[in-house]
Amino acid sequence: MMLEARDLVLEDRLAHVSLSLRPGEITAICGPNGAGKSSLLEALAGLLDVDSGAIGLGDRDLVSYQPRERAQAIGYLPQEHTVSWDVPVRRLVELGRMPHGDKRTEPVEAALRALDVEHLADRRAQSLSGGETARVLLARVLAGEPQWILADEPLAALDIGHQLALLKHLRRAADSGIGVVLVLHDLSHAMNHADRVIVLDEGTLAADDEPHRALAAEVVERVWQTQVEWIERGGRMALMPL
Amino acid sequence: MNRAVLVMAALLAIALPLSLLAGRVWIDPATTPNAALILGELRLPRAVLAIVVGAGLGSAGAAMQGYLRNPLADPGLFGIAPGAALGAVTALFFGFTASAWLLPLFALVGAGGAMALLALIAGRTGGIALFTLAGLMVASLAGALTALAISMSPNAFAMSEIVLWLNGALTDRSWREVWLAGPMVLLGMVLLMRAGAGLDALTLGEPVARSLGVDTNRLLWLLILGVGLTVGAGVAVAGIIGFVGLIVPHLVRPLTDRRPSQLILPSALAGALLVLVADSVVRILPLVTELRLGIALSLLGAPFFLWLLLRMRKGLA
């Protein structure tokens with residue numbers, strides 16, 4: 001199922017954004033602070049009332065979905081890692097099954113394994129480190145077995161090792177046919193791991209293309225107003241500020 | 001069914017028969033004259049009413065803390081209890097106490113008015129924090145009108161009636177109050193328990209709860225109706241009984257896995273237990289006039305609240 005934005009307008013945040021995302025790909029949304037990345041992701045997740053325009057999932061408008069039906073299809077992970085009560089990790093991950101209204105344990109166990117947090121399952125959520133919390137919360141999304149994973153800065157609280165492990169897992173998810181959409185600040189990660197990059201600048205689409213075109217040095221200079229150079233080594237790209 | 005439910009139910013099963021025997025006069029069913037009459041018409045309805053009122057306050061407190069994701073939340077925050085109190089005070093102010101039904105009915109109208117005001121506000125504020133502030137304004141308005149009624153009471157007798165009533169008590173209550181409050185508290189508890197799954201999802205914040213398919217408007221309606229029925233009915237028959245809704249979830253939480261949904265039923269049982277025991281204690285205390293239940297619970301509650309704040313500050317430091 002395609003996930004589409006048609007002429008989205010949201011006061012002060014998004015100005016006539018249209019795009020069409022394919023399942024089975026990792027799409028990175030990049031842009032400077034305040035460019036509207038999180039708003040776009042929330043709108044794509046069906047959590048934001050836009051002023052005009054529409055989100056389409058498959059051949060239907062997202063607003064025509066029942067909340068539970070939408071929740072089965074789209075898993076959303078916000079930037080803030082809120083866990084208000086000190087509940088056991090397994091109970092948190094089980095919340096991912098809520099849209100399905102079942103108590104199946106296999107998806108929960110699989111998600112715990114996939115993010116390497118099985119050993120934390122019986123710990124209390126508020127005793128975890130920032131990186132552990134980030135992985136547990138992504139496991140919660142995976143436990144719902146959504147067709148789309150929309151995550152806002154999922155790498156922000158992770159060390160480099162866990163960042164790469166997580167990206168590897170998201171790649172596996174995409175290879176299995178899931179659509180993965182990530183807001184990413186780290187342009188090198190976007191360049192090396194995304195299939196497609198969307199660059200937002202003050203609420204408008206500045207680029208929507210393959211990574212090496214969407215994040216070309218001249219685009220970065222124009223949008224981020226920073227002189228940069230891409231350095232290639234062994235097929236990997238690194239961003240060098242000048 | 002969790003451990004907290006079993007523990008609280010067992011304690012309640014022990015406390016109930018003891019509370020029936022306890023009082024200014026200890027009853028020995030075998031020898032006390034008219035024991036059956038005293039138990040059946042005085043002590044039993046009073047004990048059942050304590051259970052009803054306490055269960056309502058406990059479950060409402062647990063649900064409010066879950067909804068606001070704040071362990072310091074109290075069912076009074078939405079302004080429903082102050083609204084009910086205002087209704088009752090209005091009845092006392094105008095001397096509408098000819099029928100025993102009038103005062104609780106006025107209180108229920110007051111609670112209903114507060115709920116209607118909250119319903120008008122719900123959906124327009126678009127957020128839990130703003131809605132809570134609006135609830136505080138409702139509470140503050142009802143409080144101010146109550147104070148106005150006290151300061152303008154027609155005579156000293158009405159004033160003392162109002163002040164005494166506001167302090168909450170279960171003295172001289174009968175089956176009539178049980179039949180009035182019981183069904184409403186029960187219905188309110190059912191609504192609050194239906195909110196449980198949504199409250200669990202709110203643990204991860206409002207956006208995640210919505211992404212999980214929780215209809216946050218429906219959740220708010222369940223809360224307004226559930227708290228309105230449990231607390232409104234409680235205030236209507238017993239006056240203001242503070243701190244139960246605040247304290248009880250804290251006593252119960254360590255016995256559960258801390259999910260809000262797992263806290264509502266045991267908090268109802270623990271609230272029932274607390275009010276039942278407190279009401280038995282005020283009956284036993286050798287004072288000239290019986291200590292008002294509301295005062296007794298606040299005397300217990302305020303130091304606990306202080307201790308809680310200090311402990312939380314330590315946790316944050």
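Below, chains carry the letters A, B, ... as their sequence lines are ordered, and counting in each starts from 1.
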Heavy-atom neighbours of B:Met184 CE exceed 12 at 6.0 Å: yes
Note, A:Leu47 side chain near B:Glu206 side chain (heavy atom, < 4.5 Å): no
Crowding at CD, A:Glu11 (>12 non-hydrogen neighbours, <6.0 Å): no
Taking every non-hydrogen atom, the tightest pair across A:Met98 and B:Ala197: CE-O, 3.5 Å
Over 12 non-hydrogen atoms of neighbours within 6.0 angstrom of CZ in A:Arg6: yes
Neighbour count >12 (heavy atoms, 6.0 Å) for atom CD, A:Glu202: no
CG-CZ distance between B:Asp257 and A:Arg90, expressed to the nearest 0.5 angstrom: 12.0 Å
A:Gln66 CD: over 12 foreign heavy atoms closer than 6.0 Å: no
Which atoms of B:Asp200 approach chain A - backbone, side chain, both or neither, heavy atom under 4.5 Å: both
Nearest heavy atoms of A:Leu137 and B:Leu204, plus distance in Å: CD2-CD2, 3.6 Å
Contacting region of A:Leu48 [heavy-atom separation from chain B under 4.5 Å]: backbone
B:Arg259 CZ to A:Leu95 CG distance, which is reported to the nearest 0.5 Å: 8.0 Å
Top contributor to chain B interface from A:Ser84, A:Pro78, A:Ala45, A:Pro67 [non-hydrogen pairs under 4.5 Å]: A:Ser84
From CZ (B:Arg258) to CZ (A:Arg91), nearest 0.5 Å: 14.0 Å
Note, B:Val208 side chain near A:Thr82 side chain (heavy atom, < 4.5 Å): no
Close side-chain approach of A:Trp85 and B:Arg253, heavy atoms under 4.5 Å: yes
Interatomic spacing from CG in B:Asp215 to CZ in A:Arg68 - rounded to 0.5 Å: 12.5 Å
Exercise: identify the closest heavy-atom pair between B:Gly213 and A:Ala71: N-CB, 3.5 Å
Whether over 12 other heavy atoms sit under 6.0 Å from A:Asp102 CG: yes
